[in-house]
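Scroll down for the structure; my scribbles are underneath it.
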There are 2 protein chains.
Amino acid sequence: MYKINGKEFKCSVEITNEIFNDKWKLGIVWHLLNGSKRYKELSEDIYQITQKTLTVKLKELEEKKLIKREVFAEVPPKVIYSLTPIGKKLQDTLNAMNNWGIEYAKECGEITDNYVCEKKH
Amino acid sequence: MYKINGKEFKCSVEITNEIFNDKWKLGIVWHLLNGSKRYKELSEDIYQITQKTLTVKLKELEEKKLIKREVFAEVPPKVIYSLTPIGKKLQDTLNAMNNWGIEYAKECGEITDNYVCEKKH
DNA sequence: CTGCATCCTACATGATACTG
DNA sequence: CAGTATCATGTAGGATGCAG
């Protein structure tokens, strides 16, 4: 049994599932696994996320201590987002999800192009 | 690039993320990795899911070809749910999520008990 | 560039009752 | 036992505009 911020979980899979039970957070982490990025870069890299949602999700990830936010006092402003150590540990999970997605596409869909994300893990 | 049921995905992580972008499906698969189960067993094992939601999620998993549904013509009725081969391949992903959840609890929460799910992988 | 403030809607989930 | 049928609701996410 686990307790995080007063909330109880009976199984550790529940923890991971709840944190990433949304449309975008996993994708943000996936992109940050390539290295630190600015707000603008993320908003360009992550297909079709709106600015508002990106801001919300980055804040959630920061609150959950998965990413670090660094503000540079410049004009124009510059903010760098990067993964914390525990955030980086999501690499294994994301890799497994990535591999399974490919398997699933082979079996139940089609691969229409050789373009595969813009990852270089 | 991938296409599944007419829908396009730019990255295989997106596929996995979209399928499991809900509160329950991953947990159902996680339980079925222990072996086939009846409807009733699932509804008892999976903490606090309602019957309606369980039915909806089982149907979705079946449509996506992750589980198989077998009906036995008996009275009272008997229905067995089990993972398909592609469903079973989620083992790696679930294991990774399980491990990460434990790491996260160690770092950002607390482990209040030695009870860890009822898994025996 | 990096956000925040509003308004709005769809959908996932829950509560409850009922059935072959 | 294994579901269906209704009704209700919270909230994630989108659209748009503004700001330091």
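Quick note on labels: first sequence line is chain A, next is B, and so on, each numbered from 1.
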| message | Is there a side-chain contact between A:Lys40 and the phosphate of C:dC1, meaning an N or O under 4.0 Å from OP1 or OP2? | response |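 So the side-chain polar atoms of A:Lys40 do come within 4.0 Å of the phosphate oxygens OP1 or OP2 of C:dC1, strictly under.
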| Are any of B:Arg38's side-chain N or O atoms less than 4.0 Å away from OP1 or OP2 of D:dA2? | yes
| query | Which ones in residues 46-54 of chain A lie close to DNA chain C, meaning a heavy atom under 4.0 Å from one of its atoms? | reply | A:Gln51, A:Lys52
What is the distance from [atom1] of [X] to [atom2] of [N], rounded to the nearest Å?
{"X": "A:Asn17", "N": "C:dA12", "atom1": "CG", "atom2": "C1'", "value": "14 Å"}
{"X": "B:Leu58", "N": "D:dA2", "atom1": "CG", "atom2": "C1'", "value": "11 Å"}
{"X": "A:Lys57", "N": "C:dT2", "atom1": "NZ", "atom2": "C1'", "value": "19 Å"}
{"X": "B:Asp22", "N": "D:dT11", "atom1": "CG", "atom2": "P", "value": "17 Å"}
{"X": "B:Ile19", "N": "C:dA12", "atom1": "CD1", "atom2": "C1'", "value": "17 Å"}
{"X": "B:Glu18", "N": "D:dA12", "atom1": "CD", "atom2": "P", "value": "18 Å"}
{"X": "A:Lys37", "N": "C:dC1", "atom1": "NZ", "atom2": "P", "value": "16 Å"}
{"X": "B:Lys59", "N": "C:dT13", "atom1": "NZ", "atom2": "P", "value": "15 Å"}

| remark: Which of C:dG14, C:dC4, D:dA12 is nearest the side chain of B:Trp24? It is C:dG14
| message | If we ignore hydrogens and angles and just use 3.5 Å, is the side chain of B:Trp100 paired with the main-chain N or O of A:Gly87 as donor and acceptor? | response |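 No, B:Trp100 side chain to A:Gly87 backbone: no donor-acceptor pair under 3.5 Å.
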| query | Got a donor-acceptor contact below 3.5 angstrom from the B:Tyr104 side chain to the A:Ser12 backbone? | reply | no
So, for [X] and [Y], which heavy atoms are closest and what is the spacing to 0.1 Å?
{"X": "B:Leu33", "Y": "B:Lys88", "answer": "CD2-O, 4.0 Å"}
{"X": "B:Glu18", "Y": "B:Phe9", "answer": "OE2-CZ, 3.7 Å"}
{"X": "A:Ile15", "Y": "B:Ala105", "answer": "CD1-CB, 4.0 Å"}
{"X": "A:Asn17", "Y": "B:Met97", "answer": "N-CE, 3.8 Å"}
{"X": "B:Ile46", "Y": "B:His31", "answer": "CG1-CD2, 3.6 Å"}

pair [X]-[Y]: side-chain heavy atoms closer than 4.5 Å:
{"X": "B:Tyr2", "Y": "B:Glu14", "answer": "no"}
{"X": "A:Leu66", "Y": "A:Ile86", "answer": "yes"}
{"X": "B:Asn95", "Y": "B:Trp30", "answer": "yes"}

| request: With heavy atoms under 4.0 Å as the rule, sort B:Thr55 into base, sugar-phosphate or nothing. | output: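 Answer is base: heavy atoms of B:Thr55 come under 4.0 Å of a base.
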| said: What's A:Lys25 touching, base or sugar-phosphate or nothing? Going by heavy atoms closer than 4.0 Å. | reply: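 Answer is nothing: A:Lys25 stays at 4.0 Å or more from every strand.
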| field | A:Lys40/A:Glu44 ion pair, N-O < 4.0 Å | value |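 Yes, charged N to carboxylate O under 4.0 Å.
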| Sequence neighbours excluded, every pair satisfying salt bridge (charged side-chain N to carboxylate O under 4.0 Å, His left out) that has a member inside residues 19-35 of chain B | B:Asp22-B:Lys25, B:Asp22-B:Lys57, B:Lys25-B:Glu60
| query | Which angle, rounded to 10°, do you find between the first-five-pair axis and the last-five-pair axis of the helix from C:dC1-D:dG20 to C:dG20-D:dC1? | reply | 60°
Pairs of donor and acceptor atoms involving the side chains of residues 68-83 of chain B, under 3.5 Å and at least two apart or interchain, shall be tabulated with distances.
unit_1	atom_1	unit_2	atom_2	d
B:Arg69	NE	B:Tyr81	OH	3.2

| request: Mind running side-chain contact (heavy atoms from CB on, under 4.5 Å) on A:Leu42 and A:Leu58 for me, showing each step along the way? | output: CA-CA 10 Å; A:Leu42 285 169; A:Leu58 286 170; 4.0 Å; yes
| message | For DNA chain D, which residues of residues 73-82 of chain B approach it to below 4.0 angstrom with any heavy atom? | response | B:Pro76, B:Pro77, B:Lys78, B:Val79, B:Tyr81
| task | Kindly state which residues belonging to residues 64-72 of chain A come within less than 4.0 angstrom of DNA chain D, counting heavy atoms of the residue only, listed by number. | result | none
